[in-house]
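We count residues from 1, following the sequence as given. Both counts, for ligands and for their atoms, begin at 1 and track the order of listing.
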Amino acid sequence: MSTDEKPSDKTPLEPLVALRNRIDSIDAQIGELISERARCAQSVAEVKKASGEPQVTYYRPEREAQVLRKAMERNTGPLGDEEMARLFREIMSACLALEEPIKVAFLGPEGTFTQQASLKHFGSSAVTRPMSVIDEVFREVEAGAVNYGVVPVENSTEGVVTHTLDNFIGSNLKICGEVELRIHHHLMVSDVTHTEAITRIYSHSQSLAQCRKWLDAHYPKAERIAVNSNAEAAKRIKGEWNAAAIAGEMAAQLYGLKILSEKIEDEPDNSTRFLIIGTEQVPPSGEDKTSIVASVKNSPGALHELLEPFQRHKVDLTRVETRPSRSGAWTYVFFIDFKGHIENERVKLALADVAERVSDLKILGSYPKGVL
Ligand SMILES: C=C(O[C@@H]1C=C(C(=O)O)C=C[C@H]1O)C(=O)O
């Protein structure tokens, strides 16, 4: 402290000193408890190893969902429930990394919303690997090069990501989880951009569509160029003086871009749902969802017949999506999501009835309902 500081400046600091001492002592306790928790997680790993199973799986999605839900239920504030769960998400992620760092392939490049969703779901101790297309995410998981994959499946403004659904038809992978992300789009430029001369705007086609009204109003004449991802758009404009990109904040940070206009999406509650894909069926967590795909011949009343057992057995549908089948003209596949796990009695009864009414039925997986 400098000698010319007035003594009166010191007085209000005293309660601050006491509070900071208190915080230091709480932090020391939290630190000890986190270490104790981490040692418990290590012991869990030992037990799993000793189980004698040919392939030990350290990561347990159903248990992690339960831990997060408990953290939210216990919370009495002042932190919000989600904030509290996010802290526990990070503690668990670090504990799991002691057992085995989890490897996750996502729709890249670095800086995409899918990477953001992967980190939100697995925490920042996960090792994330960018893939250039959705098919590659599926292939990487199938080949065993990573433990899980993360792919976008639907957006609240733009609807379904057909490429992801089509991949499930020919794949044996299971859906192991879901995660939702609020999507905020920003218009960004690089240090070479002449901002008054923007004539080209790059982004992913879904993002361009999600900002269509804003672009019509602010850049009616600029050419809109769709590229593989918004992170690729962000990367690309670094060498073009007349171009801007639409992407998320992570991409702006990663590629050192300046945000010109924030939150330019047309719908304020724009969000995207992502799926976690893996190789095994997840046991029940207590609050689960199931996704199936069913093939149906196009005949009058086919859809009603397909959905009727869900109503009769009181299974709540959360989404129904139709895609033309690739295997024959006028055959359709329906992607259906509903509440419950395939081990639940009502779900078993409904699915048994559905199986009798369709030409093909595939269970894509039962998984914990997204917590964060
Ligand atoms: C400790 C375990 O292993 C992992 C770590 C968890 C944790 O830190 O709470 C939870 C589930 C698993 O992903 C466990 O299975 O309980």
Side-chain angles (χ1 to χ4, degrees), residues 27 29-75 79-106 114-129 137 140-141 144-151 173-181 274-290 341-343 365-372:
D27 285 351
Q29 292 173 53
I30 295 176
E32 266 173 39
L33 287 173
I34 290 178
S35 299
E36 194 179 330
R37 188 192 194 285
R39 283 191 292 273
C40 272
Q42 279 179 318
S43 305
V44 169
E46 291 307 317
V47 173
K48 287 177 187 170
K49 243 181 258 165
S51 71
E53 295 204 5
Q55 180 133 31
V56 185
T57 45
Y58 296 106
Y59 173 70
R60 296 302 342 150
E62 73 286 5
R63 168 70 183 156
E64 296 215 344
Q66 288 165 346
V67 170
L68 295 178
R69 284 178 200 144
K70 278 185 201 158
M72 292 172 106
E73 280 161 21
R74 264 195 318 255
N75 183 36
L79 291 183
D81 289 352
E82 280 224 357
E83 208 58 57
M84 184 59 93
R86 264 214 296 278
L87 295 173
F88 274 88
R89 165 68 286 158
E90 279 307 314
I91 294 173
M92 267 199 296
S93 182
C95 288
L96 178 70
L98 282 175
E99 298 182 37
E100 174 200 54
I102 199 155
K103 293 195 283 291
V104 180
F106 66 95
T114 314
Q115 183 175 27
Q116 212 173 311
S118 312
L119 293 171
K120 183 177 179 190
H121 189 80
F122 290 101
S124 45
S125 298
V127 177
T128 53
R129 290 197 193 151
V137 178
E140 200 77 350
V141 183
V146 291
N147 307 97
Y148 292 94
V150 181
V151 286
L173 292 180
K174 293 278 175 211
I175 302 174
C176 303
E178 61 170 3
V179 57
E180 214 175 288
L181 199 68
F274 298 83
L275 295 176
I276 317 300
I277 50 173
T279 51
E280 26 156 272
Q281 173 57 61
V282 179
S285 75
E287 203 181 341
D288 301 283
K289 279 168 80 174
T290 299
H341 192 283
I342 43 164
E343 289 182 20
S366 290
Y367 47 91
K369 184 175 179 298
V371 184
L372 282 173

| side-chain contact (heavy atoms from CB on, under 4.5 Å) partners for Leu87, two or more places apart |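 Partners of Leu87 by the side-chain contact (heavy atoms from CB on, under 4.5 Å) criterion, ordered by chain and then number, come out as Leu79.
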
What protein heavy atom sits nearest [atom], and how far off is it?
| atom | value |
| --- | --- |
| atom 1 (C) of ligand 1 | Glu99 OE2, 3.4 Å |
| atom 13 (O) of ligand 1 | Glu64 OE2, 2.7 Å |
| atom 15 (O) of ligand 1 | Lys48 NZ, 2.8 Å |
| atom 8 (O) of ligand 1 | Arg37 NH1, 2.8 Å |

Which of the numbered atoms in ligand 1 are below 4.0 angstrom from a heavy atom of [X]?
| X | result |
| --- | --- |
| Leu96 | 4 (C), 13 (O) |
| Tyr58 | 3 (O), 4 (C), 12 (C), 13 (O) |
| Cys95 | 8 (O) |

| Note, Met92 side chain near Val67 side chain (heavy atom, < 4.5 Å) |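 Side chain of Met92 against side chain of Val67, heavy atoms only: contact under 4.5 Å found.
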
| field | Close side-chain approach of Met84 and Glu73, heavy atoms under 4.5 Å | value |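 No; the side chains remain at least 4.5 Å from each other.
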
| Tyr59 to ligand 1: N or O pair under 3.5 Å? |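 No, no N or O pair falls under 3.5 Å.
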
| said: Any side-chain to backbone donor/acceptor pair from Lys120 onto Glu180? Under 3.5 Å, distance only. | reply: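 At least one qualifying donor-acceptor pair exists.
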
| Carboxylate-amine/guanidinium contact Arg60 Glu280, below 4.0 Å |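 Yes.
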
| Between Tyr59 and Phe122, how do the two ring planes meet: parallel, tilted or perpendicular, split at 30° and 60°? | tilted

Would you mind writing out the side-chain donor-acceptor pairs for residues 49-56 within the sub-3.5 Å range, not counting sequence neighbours?
residue	atom	partner	partner atom	Å
Ser51	OG	Lys48	O	2.7
Ser51	OG	Glu53	N	3.4

| task | Specify side chain, backbone, both or neither for Arg63, according to which of its non-hydrogen atoms lie closer than 4.0 Å to ligand 1. | result | side chain

| Selected option - heavy-atom contact closest to atom 14 (C) of ligand 1, from Thr57, Leu98, Val47, Val44 | Val44

